[in-house]
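The structure appears below as structure tokens.
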Amino acid sequence: MSSPSSDRFSRQIRFIPFGADGQQRLGSAAVAIVGCGALGSVQATLLARAGVGTIRLIDRDYVEESNLQRQILFTEADAREGLPKAEAARRALAEANSGVHIEAMVADLTPESAGELLAGIRVILDGTDNFETRMLINDFAVRENTPWIYGAAVGSYGIAMPVLPGDTACLRCVYPEPPSGAQPTCETAGVLAPVTSLVGSIQAMEAMKIAAGYRDAVRRKIFTADLWSGPLRETNMPARDSDCPCCVGREFAYLEGRRRAPVSLCGRNAVQIHDRMRPVNLAQLAARLEGLGAVRSNEFALRLDTAEHQITVFPDGRAIVKGTTDVGLARSLYSKYVGN
Ligand SMILES: [Zn+2]
């Protein structure tokens, strides 16, 4: 890794509160981005160009055509190849700044994997699309005293909030229970790219302050915006809840896996099978599936298209079954095509 020319970050260093010291600290910091969709694309782009030392990208999904409208790291070629988002992102970011160490983890953040995937990280950015994973991040962050930046967007609406364990409220102080009933999702309600770009930018800014050693400069506010009809608003974060089971009681129910629901992805008529962590040889599987549907595979994933379902299998044994929300059916399709 060559040292960057003095010009590379000159505009950032010139900004007095940031300065050369901030740049140096940024260059030695490791950040994790959980979910490399619309929010994660923006966060990763800004942080890689800013000169964060290490960016760990954690994403279990692969690039599809419907992502391209807002997931600004990806190209039509990535969608055609069905590349995993983490890997496609790594390639794009390396072109933007070859000096950043980028770790592409094609993996699911689970209670079992969180410890390993988030080890050694100075700040975690939320680029996920579901409540359970955010609560899992919150549990881990509070337990390990690692700051994280919450963010979400749907339709024309977005929200962002920093969580500084021991200092601010945590996500569970703000949302004690999962939302009840059907929630709007990007699939059902759509989402506009300027909103995800705005929220991702705010998250990246706060993460940059922390990574550069300016934690005191983090804006302890809840930012909300409706970019279609307004308003843009900043409200004070609530005080820490003295009854919060997480940051006060130090019970980490999500991290211990006690609150885990079967995961279906962002309401998109898909089920993920993630409890069979056994490696699968994709080349052998591709040969076995010949004639059962259209099969495409590369070293990262195999996709089988049948008349009604699309099954994507990853080398670690994980699979995403599209075309159903029935967990039982998804499991039986997995058994049928991949094995028990
Ligand atoms: Zn709390």
Side-chain angles (χ1 to χ4, degrees), residues 29-35 39-40 43 56 58 108-154 157-181 183 199-200 202-211 213-225 233-261 263:
V31 309
I33 293 176
V34 183
L39 298 176
Q43 298 156 6
R56 191 172 300 158
I58 303 161
D108 196 15
L109 190 78
T110 64
E112 296 77 33
S113 68
E116 194 180 334
L117 290 173
L118 298 176
I121 290 298
R122 194 174 295 174
V123 54
I124 303 165
L125 290 111
D126 170 19
T128 70
D129 57 13
N130 66 84
F131 188 82
E132 276 73 27
T133 311
R134 290 188 174 108
M135 282 302 183
L136 178 60
I137 295 171
N138 189 66
D139 271 6
F140 178 88
V142 169
R143 193 186 74 185
E144 302 298 322
N145 197 26
T146 305
W148 75 283
I149 319 291
Y150 163 66
V154 65
Y157 176 81
I159 181 167
M161 181 184 83
V163 174
L164 304 171
D167 185 354
T168 69
C170 80
L171 193 65
R172 211 144 168 217
C173 294
V174 180
Y175 301 110
E177 287 303 323
S180 60
Q183 298 296 308
V199 171
I202 288 169
Q203 291 178 280
M205 183 72 260
E206 301 308 340
M208 227 172 112
K209 291 175 186 172
I210 295 166
Y214 300 115
R215 179 177 160 133
D216 288 349
V218 171
R219 302 173 58 70
R220 292 152 168 81
K221 301 279 184 181
I222 299 176
F223 174 84
T224 57
R233 185 179 281 155
E234 222 174 34
T235 53
N236 288 324
M237 291 180 67
R240 286 177 67 188
D241 177 356
S242 57
D243 292 328
C244 178
C246 179
C247 70
V248 176
R250 300 196 70 78
E251 285 172 20
F252 305 116
Y254 291 87
L255 196 53
E256 287 155 14
R258 285 187 278 122
R259 308 267 309 224
R260 192 160 186 215
V263 179

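All ligand and atom numbering here is 1-based and tracks the order in the structure.
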**Study point:** Those residues that, when tested against E251, pass side-chain hydrogen bond (donor to acceptor under 3.5 Å, both in side chains) (two or more places apart)
**Key:** none
Review point. Less than 4.0 Å between a side-chain N and a carboxylate O, is that true for R220 and D167?
Key: yes
**Study point:** Distance-only donor-acceptor check, side chains W148 and N138, under 3.5 Å
**Key:** yes
Return all side-chain donor-acceptor pairs below 3.5 angstrom for residues 236-249, not counting sequence neighbours, or 'none' if the list is empty.
{"unit_1": "N236", "atom_1": "OD1", "unit_2": "K221", "atom_2": "NZ", "d": "2.6"}
{"unit_1": "R240", "atom_1": "NH2", "unit_2": "C247", "atom_2": "O", "d": "2.9"}
{"unit_1": "D241", "atom_1": "OD1", "unit_2": "D243", "atom_2": "N", "d": "2.7"}

Review point. Which of these, M205, K209, M208, sits in a side-chain contact (heavy atoms from CB on, under 4.5 Å) with V218?
Key: K209
Revision key, fill the gap. By side-chain contact (heavy atoms from CB on, under 4.5 Å), I202 pairs with (sequence neighbours left out) A160, L198, F223
Practice item. Tally every protein N/O/S atom whose distance to the Zn ion (ligand 1) is less than 2.8 Å; waters are neither shown nor counted. Key: 4
